[in-house]
Amino acid sequence: MTAGMPPSSPATRPSAGSEFVWGLRLLGRGFGMYGKYPGLLLLGLIPAVIAFVVMLAAFILLLVFLDDIGDGITGWFASGWSSDARTAVRILIEAAIVIGALWLAVVTYTALTLIIGDPFYEKISEEIERRLGAVDHPELPWYRTLPRNAGDSIRVIGTQLVLAIPVLLIGLIPFVGQVLAPILGLIIGGWLLTTDLTGIPFNRRGIFLTERRTMLRKNRALALGFGIPVAALSLIPFANIIVIPAAIAGGTLLTRRVHGQPIE
């Protein structure tokens, strides 16, 4: 599928691999917006920094009480075990808690940032679309979509909290879990991040969460190609402050591509 052309028919639909690469390219173009529109994207740093401070404080608090939490869980079911066995289990539990917390922090950070900075990100997305050309759908003003954007982000956070449980439980599996849980977390997190990061441009078109998920499922490889690297980059300390504004720009481009609109 060529940029700016309508989605291909099923007979000529691009392969999942090429669509995944397109997702990567759209994120790269989002980062390129820092060079094209630096003043615009720098607006997005303000809510990103606020959300980062909140998430960092919560994670530090978890680390402070991590040993107490690990001891409490271990004592609940392994009080009669040998000292070495209890220690090994406690270490696995604490590792799983940290893995689960990191994954949850990555995916909830975006939703929290979007709630805090909705007017900022509405401005970024709207201005990018204005410069790329008019859309085919009637656009709702930001004050009409803000409550819906916030509500959708809260629903996504709820989904993330529910999905954190199986990721955490998988992380408890000795050896295998410490490898499988992060991979599964990146895949699930990438999907949820794409769902959240495209919320503003989709909602402005009057297309809300349920229909947005349906449309993204039809473009699953594209969505994962965009969202998985966002999730991976967000694991780097402080990086998500820079990542989120670029991802908002890239999510706007992804929305336009899904709708067959120009992205050049």
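Start at 1 with the first residue, then count along the sequence.
Contact annotation: the side chain of Glu94 never approaches that of Val98 to less than 4.5 Å [non-hydrogen atoms, C-beta and beyond]. In this structure the side chain of Glu122 never reaches within 4.5 angstrom of the side chain of Pro119, judged on heavy atoms. Contact check for Ile188 versus Val167: side-chain heavy atoms found under the 4.5 Å cut-off. Residues Leu132 and Glu264 form no side-chain contact, since every pair of their non-hydrogen atoms from C-beta on lies 4.5 Å or further apart. Side chains of Ile128 and Arg256 form no contact here, defined as non-hydrogen atoms less than 4.5 Å apart.
Take Thr108 and apply the side-chain contact (heavy atoms from CB on, under 4.5 Å) test, not counting sequence neighbours, and it matches Met55, Leu104, Ile157, Gln160. By the side-chain contact (heavy atoms from CB on, under 4.5 Å) test, Arg220 is found to be paired with Trp191, Arg217, Leu224, residues two or more places apart in sequence or in another chain being considered. The side-chain hydrogen bond (donor to acceptor under 3.5 Å, both in side chains) test applied to Glu127 returns Arg130, Arg131, not counting sequence neighbours. By the ring-ring contact (aromatic ring centres under 6.0 Å, His included) test, Phe52 pairs with Phe238, sequence neighbours left out. Applying the side-chain contact (heavy atoms from CB on, under 4.5 Å) rule to Ile236 yields the partners Leu233, Ala239; only residues at least two apart in sequence or on another chain are considered. In terms of the ring-ring contact (aromatic ring centres under 6.0 Å, His included) criterion, Phe65 has no residue partners (sequence neighbours excluded). For Thr252, the side-chain hydrogen bond (donor to acceptor under 3.5 Å, both in side chains) partners two or more places apart in sequence, or in a different chain, are Ser125. Not counting sequence neighbours, the partners of Ser83 by the side-chain contact (heavy atoms from CB on, under 4.5 Å) test are Arg86, Thr87.
Salt-bridge check for Glu19 with Arg25: failed, with every basic side-chain N at 4.0 Å or more from each acidic carboxylate O.
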Would you check, one step at a time, whether the test side-chain contact (heavy atoms from CB on, under 4.5 Å) holds for Thr255 with Arg205? CA-CA 10 Å; Thr255 301; Arg205 290 165 167 79; 3.7 Å; yes
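In terms of modelled atom types and a separation under 3.5 Å, the side chain of Ser18 and the main chain of Ser15 share a donor-acceptor contact. Counting only distance, with no hydrogens or angles, the side chain of Tyr121 and the backbone of Ile115 share no donor-acceptor pair below 3.5 Å.
Heavy-atom minimum distance, Pro47 versus Gly117: CB-CA, 3.5 Å. Considering all non-hydrogen atoms of both residues, Gly189 and Ala231 come closest at C-CB, 4.4 Å.
To the nearest 0.5 angstrom, Leu216 atom CG is 10.5 Å from Glu211 atom CD. In this structure, Ile228 CD1 and Leu27 CG are separated by 12.0 Å, a value rounded to the nearest 0.5 Å. The distance from atom CH2 of Trp22 to atom CG of Asn219, rounded to the nearest 0.5 Å, is 13.0 Å. Taking CG from Leu102 and OG from Ser234, the interatomic distance works out to 11.5 Å, rounded to the nearest 0.5 Å.
Checking Arg212 against Asn203 by side-chain atom types alone, a donor-acceptor pair falls below 3.5 Å.
Within the structure, the salt bridge (charged side-chain N to carboxylate O under 4.0 Å, His left out) test picks out the following pairs touching residues 57-68 (sequence neighbours left out): Asp67-Arg90. Screening residues 192-201 for side chain to side chain donor-acceptor pair (under 3.5 Å) gives Ser153-Asp196 as the qualifying pairs, with residues at least two apart or on separate chains.
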Under 3.5 Å donor-acceptor pairs involving side-chain atoms of residues 243-251, not counting sequence neighbours:
none

Cut-off 3.5 Å, no hydrogens considered: what does the side-chain donor-acceptor table look like for residues 34-41, sequence neighbours left out?
| unit_1 | atom_1 | unit_2 | atom_2 | d |
| --- | --- | --- | --- | --- |
| Tyr34 | OH | Ile242 | O | 2.7 |

